[in-house]
Novice: 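Pasting a structure below so you can have a look.
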Amino acid sequence: MDNNSIKDNVCKFRKQRKMTQEEMADLLGISITAYRELEKGSTSMMNQHILKMARITNTPTEEIVLGYMPAQIDNPGKLRDLQAEYEEKIKERDRRIAELEKMVSYLEETIATKNEIITMLKKSFGEDE
């Protein structure tokens, strides 16, 4: 998530709470100018104030940073199942990559062999490269 998205989310949540920039600046304990710079994204102070902004706007920090709440998995068994499923998918992709790498190697050898044959044929017919 980049700073532009975060500053857009901060502005959105402030406006949803019908707060002015001045009110937010006062609650954060910074000047209005500093707060405006935060919303414009022209300062790197954003990280220092995210937690406080989340408390002020009663918004989870994840939602301010991401713009949405990530899905929560309440069932640890489901999480393990998902993890196992993804690990199997990764293994299958790794197997496929190995197969493709072998095929590329075979094709490279075939090309090299054909190039050698072409070179030999050119020499036998008296053609120079």
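Please read these numbers as outputs of a predicted model, since none were measured by experiment. By convention here, the first residue in the shown sequence is residue 1.
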Novice: Are any of the side-chain heavy atoms of M53 and L28 separated by less than 4.5 Å?
Specialist: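 In short, these two side chains touch, coming nearer than 4.5 Å.
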Novice: Would you say the side chain of R96 lies within less than 4.5 Å of the side chain of E99, judging by non-hydrogen atoms?
Specialist: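 Yes, their side chains come closer than 4.5 Å.
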Novice: To the nearest 0.5 Å, what is the distance between CD (E101) and CD1 (I97)?
Specialist: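 E101 CD to I97 CD1: 7.0 Å, rounded to 0.5 Å.
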Novice: Under a 3.5 Å distance rule, please check whether T110 uses its side chain to pair with a backbone N or O of Y106 as donor and acceptor.
Specialist: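 Yes; judged by distance alone, with no hydrogens or angles, the pair exists.
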Novice: Restricting to non-hydrogen atoms, name the atom on A54 and the atom on P60 that form the minimum distance, rounded to 0.1 Å.
Specialist: CB-C, 4.4 Å
Novice: Could you tell me if the side chain of V65 sits less than 4.5 Å from the side chain of N9, heavy atoms only?
Specialist: no
Novice: Any carboxylate oxygen within less than 4.0 angstrom of a Lys/Arg side-chain nitrogen, looking at R36 and E22?
Specialist: yes
Novice: Side chains of R14 and E39: does their closest heavy-atom pair fall under 4.5 Å?
Specialist: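 Answer yes - side chains close enough.
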Novice: In the structure I gave you, are the side-chain heavy atoms of M24 and T57 within less than 4.5 Å of one another anywhere?
Specialist: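 They are in contact (side-chain heavy atoms under 4.5 Å apart), so the answer is yes.
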Novice: With rounding to the nearest 0.5 Å, note down the distance linking CD in Q83 to CD in E88.
Specialist: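 Taking CD in Q83 and CD in E88, the distance rounds to 13.0 Å.
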Novice: Does T20 reach the side chain of Y35, with side-chain heavy atoms less than 4.5 Å apart?
Specialist: no
Novice: Can you name the closest pair of heavy atoms from A25 and S31 and give their distance?
Specialist: CB-O, 3.7 Å
Novice: Would you say the side chain of L27 lies within less than 4.5 Å of the side chain of M19, judging by non-hydrogen atoms?
Specialist: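 SC-SC contact between M19 and L27 confirmed.
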Novice: Are I30 and L38 packed together at the side-chain level, in the sense that at least one heavy-atom pair is separated by less than 4.5 angstrom?
Specialist: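 Yes, side chains in contact.
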Novice: If you measure from CG on D81 to CD on E85, what distance do you get to the nearest 0.5 Å?
Specialist: 8.5 Å
Novice: What's the separation between atom CD in E23 and atom CD1 in I56, rounded to the nearest 0.5 Å?
Specialist: 11.0 Å
